[in-house]
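I have placed the structure first, in the form of structure tokens, so that the comments after it can refer back to it.
Side-chain atoms are counted along with the backbone in the values below, which use heavy atoms only and exclude waters and symmetry mates. Here is how names work: the chains are called A, B, and so on, in the same order as the sequence lines, proteins then strands, and each is numbered from 1.
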Amino acid sequence: MIKPGIPKGTRDFGPVVVRKRNYIFQTIRETFEVFGFQPLETPAMENLSTLTGKYGEEGDKLMFKVLNNGEIYNEAHQAKDNKELVSAITEKALRYDLTIPFARYVVMNQHELALPFKRFQMQPVWRADRPQKGRYREFYQCDADVVGSNSLLNEVELLLIYDTVLTKLGLQGYELRINNRKILFGLAEVIGKTELLTDITISIDKLDKIGADGVRKELQERGLTGADIDTIEKFLAIDGSSEEKLAQLKELLQSSSTALKGIEELSFVLNSGYATFHTTPIIDVTLARGLNYYTGMIVEVKAPATVKMGSIGGGGRYDDLTGLFGLPGISGVGISFGVDRIYDVLEELKLFPQTAQQSTKVLFLNLGEASSRAAFSYMMQLRQLGVAAELFHEPAKMDKQMKYADKRAIPYVIILGESELQDNLVSVKNLATGQQEKISGAELISYAF
RNA sequence: GUGGUUGUAGCUCAGUUGGUUAGAGCAUCAGAUUGUGGUUCUGAGGGUCGAGGGUUCGAAACCCUUCAAUCACCCCA
């Protein structure tokens, strides 16, 4: 006998959990749809060449590769090192995110697509990471992206999507943090070390985790001089209202035209006058985000501080994503929801509504042949009206059947016993209130369950 | 990839410097209750103490190995 189990970092979702997850998916999908985005699905596997090199060195390591079928033994033995081995025996990999497959799709279908193309996609992605709290090896992303438009109005709309969805889900106290890669690039430019852009951003991104001293130490290790670090610390010290932050940025980075462009973009997104938010986006100059392809606005959604979950979503603008696949000059901007983390947050804050947890509304008790025949007929009528109903599978003691309804959280039980059958009535019991009433068959059909 | 913590009933966990037959709560099943659940009472079933090896008269406990879970770092949703 083999011991049943599932791979590390993957999960089964039972009925109750699936319902709650669907509630999140539905909320996100509805919002994407009303904002004018169109659905897209891509395969679980992509060609390895499509994915490698797009997520940095770390990303390549965390990619799940799919072993080729057939005779690979000889090929494997010709490989001289690990890298050759991988390319000899694998040519496919599981999807690592939804953005790169989307870019691939856009390039492949560029002639059929009406630009700007707005698509949403809700599918699982896989990462060979070591699992921990809020981190899984298989998890869902819900992405909305616009390609083929440089308008900053897209940024505004995408922020509004975050605002709309999270408000609908009843979440409060989250933060919508935005920044602009051009500003970070400008900082590196002012220091005169654009080649260290990634090192700088990775370090300052950790400010709230390791503190100012920690950042200073790490910057030193990454090859920044004392003068460089002074400039960076001035940058990190930027504080105040959005207007004040923008003014300070302008002052500090005035010698970089790229930075000024980024500041202007950030300013537009915040002050366009097009939108009002439930939760106002805030400028976070330390926000860097991992994926290297971002070039403009970047955004990250931080879960309410009380739940210690970190990021529940993120996104940004990437000017030349499709260029990697031979279609240069097309700009994209997108956002992503991390459904699995949002689930954990809603669960912890007890924000799932009752309606997200209900399945069958009505259970007909099975009290013998005559009872079950009458019940079955009523049940089918209710089902035709869209009321989820079921009949207990076999005659059993009432006690047992009531317990079943209780455990399944079925709100109504219908009793068709001898006396009901005799009077041509049915007894409807509301399990939440304990109240019970006898009504006619016609009344049952129009009953407000 | 690096480091820490934890593995005892379906679940959450007790278990004395190593000492007789390994316990509790919850859950399950049966009964109290032959037309009424969620409360209560009574009873029952359920364990290779993660696995393998070692120390010992004796191991759930101590040592080694291994597997798994979990948390943190790196990185990320």
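Put simply, the side chain of A/R130 and the base of B/rU70 share no donor and acceptor less than 3.5 Å apart.
Evaluation of the ring pair (Phe, Tyr, Trp, His ring centres under 6.0 Å) rule for A/Y378 yields no partner, not counting sequence neighbours. In terms of the side-chain hydrogen bond (donor to acceptor under 3.5 Å, both in side chains) criterion, residue partners of A/Y404 (sequence neighbours excluded) are, by chain and number, A/R408. Evaluation of the ring pair (Phe, Tyr, Trp, His ring centres under 6.0 Å) rule for A/Y136 yields no partner, not counting sequence neighbours. Taking A/Q121 as the reference, A/T42, A/R119, A/Q123 meet the side-chain hydrogen bond (donor to acceptor under 3.5 Å, both in side chains) condition, with sequence neighbours excluded. For the side-chain hydrogen bond (donor to acceptor under 3.5 Å, both in side chains) test, residues two or more places apart in sequence or in another chain that qualify with A/Y447 are A/E437. The ring pair (Phe, Tyr, Trp, His ring centres under 6.0 Å) search around A/Y318 returns A/Y293, not counting sequence neighbours. Take A/D199 and apply the side-chain hydrogen bond (donor to acceptor under 3.5 Å, both in side chains) test, not counting sequence neighbours, and it matches A/R222.
Judged as a salt bridge (charged side-chain N to carboxylate O under 4.0 Å, His left out), the pairs with a partner in residues 12-26 of chain A (not counting sequence neighbours) are, in order, A/K20-A/E347, A/R21-A/D340.
Within residues 136-145 of chain A, the residues having any heavy atom under 4.0 Å from RNA chain B are, by residue number, A/Y136, A/F139, A/Q141. A heavy atom closer than 4.0 Å to some atom of RNA chain B occurs in A/G417, A/E418, A/S419, A/E420, A/K429, A/L431, A/A432, A/G434, these being the qualifying members of residues 416-435 of chain A. Within residues 394-406 of chain A, the residues that place at least one heavy atom under 4.0 Å from RNA chain B are, in residue-number order, A/K397, A/M398, A/D399, A/M402, A/K403, A/D406.
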Encoded 5' to 3' (Watson-Crick or G-U under 3.5 Å; [ ] crossing; | other strand), RNA chain B becomes (((((((..((((.....[...)))).(((((.......))))).....(((((..]....))))))))))))....
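The phosphate of B/rC71 (OP1 or OP2) has no side-chain N or O of A/Q132 nearer than 4.0 angstrom.
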